Structures are given as structure tokens and as C-alpha cells.
Amino acid sequence: MPVISKETAMVKVNEEYGPYQRLIAAIDRLSAFGNYVAGLSLLAILVMMSGEVLSRNILGVSLAFSWEFSAYAMGAAFMLASAGAMRAGAHVRVTAVLEAVPTPVARLLEFAACIAGGLACLALAWSLCEMTWLSFQRGSTSSTVMRTPLVWPQGVAAFGAIVLVLQCLAQFLRLLRGERIAVGVALE
């Protein structure tokens with residue numbers, strides 16, 4: 001069996017998967033991690049709300065944290081799963097226009113939509129990061145009995161928005177490589 005040098009192996013990988021593969025793969029792994037944590041967030045909501053219902057109906061006592069922390073978990077689930085949804089093509093897209101125009105025009109529209117979406121996501125991420133930073137500087141806490149430091153739930157949402165921006169970049173790089181952006185079968 002012939003020995004393949006590291007350089008030759010790298011060229012083979014780039015030929016097989018195209019340029020930017022390592023960056024795209026890293027972003028996809030980060031998106032998958034976000035999906036995993038989003039799933040755990042949904043499970044946490046189930047546990048907290050079930051505990052609230054049982055506690056209220058059996059013990060006659062409300063769990064002080066359940067509604068607040070469930071709201072934080074829901075925000076985390078939305079933001080952390082958004083990049084994975086984009087990767088899987090689960091966001092709403094209007095493909096009728098792309099199918100009605102010539103391929104070069106469709107590619108141009110794909111690039112324009114990708115850039116516009118990326119800029120919108122970047123503005124969201126910037127705003128969430130700024131809000132998190134201000135909460136950290138000011139020591140802001142929730143106005144509930146729990147007095148939760150807001151930097152934590154806001155930081156999770158900001159992280160999810162950053163991963164979404166990175167997934168927008170990965171989508172743009174996929175377009176540069178000549179790939180089509182994923183479109184969810186159930187959405188068409």
C-alpha cells in the first residue's frame with residue numbers, strides 16, 4: 001500500500017469536499033451543539049412545567065422559579081436551534097421565484113438573500129451581545145423573586161445569535177463553492 005503524504009491527503013480532502021470545508025464543518029458542528037443544547041432546554045421546560053403543575057395541584061404551592069426559568073429556556077431553545085434550522089433548510093424560503101428565473105439570476109438572488117440575511121443576523125447578534133455586556137456591567141437582575149443575573153440568559157441568546165451569523169457565513173461559502181442552499185422538503 002503506497003504511503004500518502006499529509007499534503008497529498010489535504011489536497012484530496014479539498015478536492016473531495018471543496019474549499020472552506022474545515023471552516024464549514026466547524027460551523028456545522030457548532031450548530032449541531034446548539035441543537036443539542038436547545039433540545040435540553042426544551043426538556044428542561046417540560047420538567048419545570050410538569051413540576052409546577054404537580055406542585056400546584058398536589059401541594060398547593062407554586063414553584064417560584066418555574067415560569068421565569070422556562071421563559072429563559074424557551075429563548076435559549078429558539079436562538080440555539082436557529083443555526084441548525086438554517087443548515088437543514090427549515091427556515092421559511094420562497095423558492096418559487098428561484099425556480100421561475102434563469103439559473104444565473106437565481107444564483108444572484110441566492111447570494112443577495114444570503115448577504116441580506118447575514119446582515120440582519122449580524123445586527124441581531126450585535127444587539128444581543130451589547131445587551132448582555134450592559135447587563136454584565138450593571139449587574140442587572142430580573143425583577144422577580146429569583147433575582148436572576150440577566151447576563152446568563154442573555155448570554156445564551158447572544159451565543160445562539162453568533163452561531164446563527166456563523167451559519168450564514170457557512171451558507172455563503174457553500175454558495176461560493178457552487179452548492180445549493182438546503183431547502184427543507186416539508187417547507188416546499
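All of these numbers come straight from a predicted model, not from anything done at the bench. Residues take their numbers from the sequence shown, with the count starting at 1.
Residues forming a ring-ring contact (aromatic ring centres under 6.0 Å, His included) with F136 (at least two apart in sequence, or on another chain): W133. Residues forming a ring-ring contact (aromatic ring centres under 6.0 Å, His included) with F111 (at least two apart in sequence, or on another chain): F172. Contacts of R147 classified as side chain to side chain donor-acceptor pair (under 3.5 Å), with partners at least two apart in sequence or in another chain: T141. Listed by chain and residue number, nothing satisfies the ring-ring contact (aromatic ring centres under 6.0 Å, His included) test with W152 (two or more places apart in sequence, or in another chain). Applying the side chain to side chain donor-acceptor pair (under 3.5 Å) rule to T144 yields the partners E68, S142; only residues at least two apart in sequence or on another chain are considered. Judged as a side chain to side chain contact (heavy atoms under 4.5 Å, CB included), and not counting sequence neighbours, the contacts of A106 are L98, V101. A search for side chain to side chain donor-acceptor pair (under 3.5 Å) contacts involving S135 returns Q154, not counting sequence neighbours.
L175 and I115 end up in the same hydrophobic cluster when Ile, Leu, Val, Met, Phe, Trp and Tyr side chains are linked at under 4.5 Å. Transitive grouping of hydrophobic side chains (ILVMFWY, heavy atoms separated by less than 4.5 Å) brings W67 and F78 into a common cluster. In the hydrophobic cluster analysis, where Ile, Leu, Val, Met, Phe, Trp and Tyr join through side-chain heavy atoms closer than 4.5 angstrom, F65 is grouped apart from V145. Both L169 and L119 belong to a common hydrophobic cluster when Ile, Leu, Val, Met, Phe, Trp and Tyr are linked at side-chain heavy-atom distances under 4.5 angstrom.
The distance from the CD1 atom of I27 to the CG atom of L30 is 8.0 Å, given to the nearest 0.5 Å. Interatomic distance, L173 CG to L23 CG, rounded to the nearest 0.5 Å: 6.0 Å. One finds the OH atom of Y72 at 9.5 Å from the CE atom of M146 (value rounded to the nearest 0.5 Å). Remark: L176 CG to C114 SG distance equals 8.5 Å, nearest 0.5 Å. Once rounded to the nearest 0.5 Å, the distance linking CZ of R22 with CD1 of I24 reads 13.0 Å.
Between N35 and R87 there is no side-chain heavy-atom pair separated by less than 4.5 Å. In this structure, M79 and L124 have side chains that are in contact, with non-hydrogen atoms separated by less than 4.5 Å. Using a 4.5 Å heavy-atom threshold, the side chains of M131 and L134 count as separate. Residues F69 and T148 meet the side-chain proximity criterion, which asks for heavy atoms closer than 4.5 Å.
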Handout entry: Steps toward side-chain contact (heavy atoms from CB on, under 4.5 Å) verdict (L42, I45)
Key = CA-CA 5 Å; L42 292 175; I45 293 168; 4.1 Å; yes
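Looking at every heavy atom in both residues, M49 comes nearest to S70 through CE-OG, 3.3 Å.
Listed by first then second residue, pairs satisfying side-chain hydrogen bond (donor to acceptor under 3.5 Å, both in side chains) with a partner in residues 102-123 read R93-E110, not counting sequence neighbours. Pairs of residues two or more places apart, or lying in two chains, never qualify as side-chain hydrogen bond (donor to acceptor under 3.5 Å, both in side chains) while including a residue from residues 117-129. Sorted by first and then second residue, the side-chain hydrogen bond (donor to acceptor under 3.5 Å, both in side chains) pairs with a member in residues 41-54 read E52-R56, E52-S62, E52-S66; sequence neighbours excluded.
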List the atom pairs, with distances to 0.1 Å, where a side-chain N or O of residues 157-168 and a protein N or O form a donor-acceptor pair under 3.5 Å, not counting sequence neighbours.
from : atom 1 : to   : atom 2 : distance (Å)
Q167 : OE1    : R174 : NH1    : 3.2
Q167 : NE2    : D28  : OD1    : 3.2
Q167 : NE2    : S31  : OG     : 2.7

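Its side chain within the 4.5 Å cluster rule, L43 clusters with L46 among the Ile, Leu, Val, Met, Phe, Trp and Tyr residues.
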